[in-house]
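Have a look at the structure below before the remarks.
The figures that follow rest on heavy atoms only: side chains count, while hydrogens, waters and symmetry mates do not.
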Amino acid sequence: MAAAARPYLGLLLSLFLLQLPPGAVAAARAGPGDGMNILFIVVDDLRPVLGCYGDKLVKSPNIDQLASRSIVFSNAYAQQALCAPSRVSFLTGRRPDTTRLYDFYSYWRVHAGNYSTMPQYFKENGYVTLSVGKVFHPGVSSNHSDDYPYSWSIPPFHPSTEKYENHKTCRGKDGKLYANLVCPVDVSEMPKGTLPDIQSTEEAIRLLNVMKANKQKFFLAVGYHKPHIPLRYPQEFLKLYPLENIPLAPDPWVPEKLPSVAYNPWTDIRQRDDVEALNVSFPYGPLPEEFQRQIRQSYYAAVSYLDVQVGLLLNALDNVGLSNNTMVVFTADHGWSLGEHGEWAKYSNFDVATRVPLMFYVPGMTTSSVSQGMRVFPYLDPFSHVVGSGPQGQSKKVVELVSLFPTLAELAGLQVPPTCPETSFHVALCTEGTSIVRYFNASEEKVQEGKEGCGDTARCFNEEPVALSQYPRPADTPQWNSDKPKLKDIRIMGYSMRTIDYRYTVWVQFNPDNFSADFEDVHAGELYVMETDPNQDYNIYNATSHGWFFKRILGFLKH
């Protein structure tokens, strides 16, 4: 949105605040606990390559600092490794089979049911709800409006330079401009002399100042684009990652017993000028090793660029004096393969595509309250800050993004939406996730884990928390549209269940006309043991009895 439009938005926001009912204003000025603001940060395509998750290569001091004041979940999973379905899922608290969105081309309120969203719920409970950057996926899947006015108090902000994301802005060695995958740039040469995430940070900071001035309780969602492709970021971040220090993926080959339906052929990166010039064979490649290192180098550089934006935003929270009464949630819509299994991009059920960072900073709960004026999030420069911070608390429990809605409601002291019935298409407010606040006391969790030693293996397995992800395919073998099939082309659905010890996936027949999966028609299966095979390379499905897993995934899908 152009700068000229901002005064209009400021006026609109002021008018909105004046029109809030008296009860809402009173609630917005309540005390700690149920009176906290919420800063919800969601990142596009970010796998947990962060110092606080044990990555030794990355420079992410600001996100690590947030983690040092947060409860960090080390086993958090998205419900589908694709932007629009994942975002609609966690923002409504419903799974993709209930939103009926597996692609980008339908609006759940029309296509499935008129479901309430997380920001809508907070708006109805006295919060000013604000969206900056990519929160809902833009386009049909959010009604070309980011679900405004249902979810947001004022029209969402999108950076004016967003439209240049896929333009030819990457300068090649010949001096010409290309639409490359690997794209370090001189920001001063970019359209309007900036980048979308820089603009989003600036707007989010401006809104924090408006909220402070108006003394209103807010739910501010900030969506960052990077490290989504193209990997376009300020070129100085390359200095943090010399190419000779960049390793290949630990398993850069296609696993021998991987069912062909499970493989994604990374068609989107093949369309980039630099990848297209390599003339890589379809569907399995591989990419030249030197170029693999360049992609991984640029992904890391983009993460450090993102870390700077997060650092500036959190520092601004300090500057306006709101760090002590604002909860901060940090997560991503899904991960991204960096050469593991010979794959690039997302579009799969593997951990590298479905596992995300997830952390909650709750003043007075995840960390001691700080005196007024004390800094909680001083900005840290990744070029000079060396030592990362560990998490304040860490939970290894398996959790899902679909649980964000009930979790934030509970943290905010609001009534937690009820659990959805088996069929909930006509139920406006309910959730298919469960609040994970019970896992916030990490020390208590360690005590419990030490006591578990359960004698009844079947009962333990059935009570263990699991995460369900899914991915659609048009055919049993990789096709040109395998990565992002449109609804009408989906013929197979891969349902994947992640427990702390296993990943189990079944690929079953799917009918897009009535959204039904036929679990009696199994096309392929996968089973990986995390203790001996953490990268999920050795599929033992055909060599193992897996009746327990099949019953559990069926029971999980029905409830």
Side chains of Asp186 and Ser188, donor plus acceptor under 3.5 Å: yes

Side-chain donor-acceptor contact under 3.5 Å, Arg272 with Asn166: yes

Residue pair Phe219, Asn37: steps toward the side chain to side chain contact (heavy atoms under 4.5 Å, CB included) verdict: CA-CA 6 Å; Phe219 179 107; Asn37 308 304; over 6 Å; no

Side chains of Phe330 and Leu39 in contact at under 4.5 Å (non-hydrogen atoms): no

Test ring pair (Phe, Tyr, Trp, His ring centres under 6.0 Å) applied to Phe383 and Phe237, step by step: CA-CA 8 Å; Phe383 290 91; Phe237 286 90; 5.2 Å; yes

Test log, rule side chain to side chain donor-acceptor pair (under 3.5 Å), inputs Asn180 and Asp273: CA-CA 5 Å; Asn180 286 344; Asp273 291 345; over 6 Å; no

Side-chain heavy-atom pair Pro378, Gln65 within 4.5 angstrom cut-off: yes

pair Val182-Pro184: side-chain heavy atoms closer than 4.5 Å: yes

Donor-acceptor side-chain pairing of Tyr241 and Ser304 below 3.5 angstrom: yes

Separation of Leu411 CG from Thr407 OG1 (nearest 0.5 Å): 6.5 Å

Tyr471 side chain to Asp483 backbone, donor-acceptor under 3.5 Å: yes

Within 6.0 Å of CD in Glu236, more than 12 heavy atoms from elsewhere: yes

Side-chain heavy-atom pair Pro406, Thr434 within 4.5 angstrom cut-off: no

Side-chain (Ser60) to main-chain (Asp307) donor-acceptor, under 3.5 angstrom: no

Member of Lys192, Gln199, His167 meeting the side chain to side chain donor-acceptor pair (under 3.5 Å) criterion with Thr161: Gln199

Intermediate values then yes/no, side chain to side chain donor-acceptor pair (under 3.5 Å), Ser298 and Tyr233: CA-CA 8 Å; Ser298 278; Tyr233 55 87; 2.7 Å; yes

NZ/NE/NH1/NH2 to OD/OE distance under 4.0 Å, Glu189 and Arg171: yes

Side-chain donor-acceptor pair present, His137, Asp146, cut-off under 3.5 Å: no

Asp197 with Lys134: basic N within carboxylate O range, under 4.0 Å: no

Side chain proximity check, Tyr53 to Met359, heavy atoms < 4.5 angstrom: yes

Mutual orientation of the aromatic rings belonging to Phe73 and Phe360 [parallel < 30°, tilted 30-60°, perpendicular > 60°]: perpendicular

Polar contact flag, side-chain donor to acceptor under 3.5 angstrom, Gln79-Ser469: no

Residues Ile269, Leu287; criterion side chain to side chain contact (heavy atoms under 4.5 Å, CB included); working and verdict: CA-CA 11 Å; Ile269 77 163; Leu287 290 171; 4.2 Å; yes

Modelled atom types, side-chain donor and acceptor of Tyr148 and Ser142, under 3.5 Å: no

Polar contact flag, side-chain donor to acceptor under 3.5 angstrom, Gln536-His341: no

Ser348 versus Asn264, side-chain donor and acceptor atoms under 3.5 Å: no

Check: Ala353 main-chain N/O paired with Trp336 side-chain donor or acceptor under 3.5 Å: no

Donor + acceptor pair across side chains of Arg503, Asn349 (<3.5 Å): no

Partners passing disulfide bond (SG atoms under 2.5 Å apart) against Cys83 (at least two apart in sequence or in another chain): none

From OH (Tyr164) to CE (Met190), nearest 0.5 Å: 11.5 Å

Over-ring placement of Lys226 relative to Tyr305, 6.0 Å and 45° cut-offs: no

Cationic N near anionic O, under 4.0 Å, Arg206 to Glu203: yes

Any pair counted as ring-ring contact (aromatic ring centres under 6.0 Å, His included), so long as it reaches residues 175-214, sequence neighbours left out: none

CG-CE distance between Asn75 and Met530, expressed to the nearest 0.5 angstrom: 8.0 Å

Euclidean distance, Gln297 CD relative to Leu231 CG, rounded to 0.5 Å: 10.5 Å

Polar side-chain atom of Asp333 near backbone of Arg87 as donor-acceptor pair, under 3.5 Å: no

Salt-bridge criterion met for Arg498 and Asp351 (N-O under 4.0 Å): yes

Side-chain heavy atoms of Lys123 within contact of Val128, under 4.5 Å: no

Side chain to side chain donor-acceptor pair (under 3.5 Å) assessment of Ser151 paired with Thr117: CA-CA 7 Å; Ser151 289; Thr117 69; 2.7 Å; yes

NZ/NE/NH1/NH2 to OD/OE distance under 4.0 Å, Arg47 and Glu340: yes

Separation between NZ of Lys168 and CG of Leu177, rounded to the nearest 0.5 Å: 9.0 Å

Distance (rounded to the nearest 0.5 Å) between Leu338 CG and Leu248 CG: 11.0 Å

Evaluation steps, side chain to side chain donor-acceptor pair (under 3.5 Å), between Tyr127 and Ser153: CA-CA 9 Å; Tyr127 286 73; Ser153 301; over 6 Å; no

Exam field: side chain Ser86 to backbone Ala81, donor-acceptor pair closer than 3.5 Å: no

Verdict with reasoning, Phe157 to Leu207, per side chain to side chain contact (heavy atoms under 4.5 Å, CB included): CA-CA 11 Å; Phe157 169 88; Leu207 288 172; 5.7 Å; no

Enclosure of Glu531 CD (heavy-atom neighbours >12, cutoff 6.0 Å): no

Stepwise side chain to side chain contact (heavy atoms under 4.5 Å, CB included) test for Tyr77 and Glu400: CA-CA 5 Å; Tyr77 296 89; Glu400 309 177 279; 5.6 Å; no

Test applied, side chain to side chain contact (heavy atoms under 4.5 Å, CB included); reference residue, Val328; option that passes from Leu66, Val310, Val376: Leu66

Donor-acceptor pair, side chain of Tyr361 and main chain of Ser323, under 3.5 angstrom: yes

Short side-chain donor-acceptor distance under 3.5 Å, Gln80 and Ser89: no

Phe405 vs Tyr121, ring pair (Phe, Tyr, Trp, His ring centres under 6.0 Å): CA-CA, chis, key distance, verdict: CA-CA 9 Å; Phe405 188 169; Tyr121 190 57; 5.6 Å; yes

No-hydrogen, no-angle side-chain donor-acceptor test under 3.5 Å, Tyr528 and Asp537: no

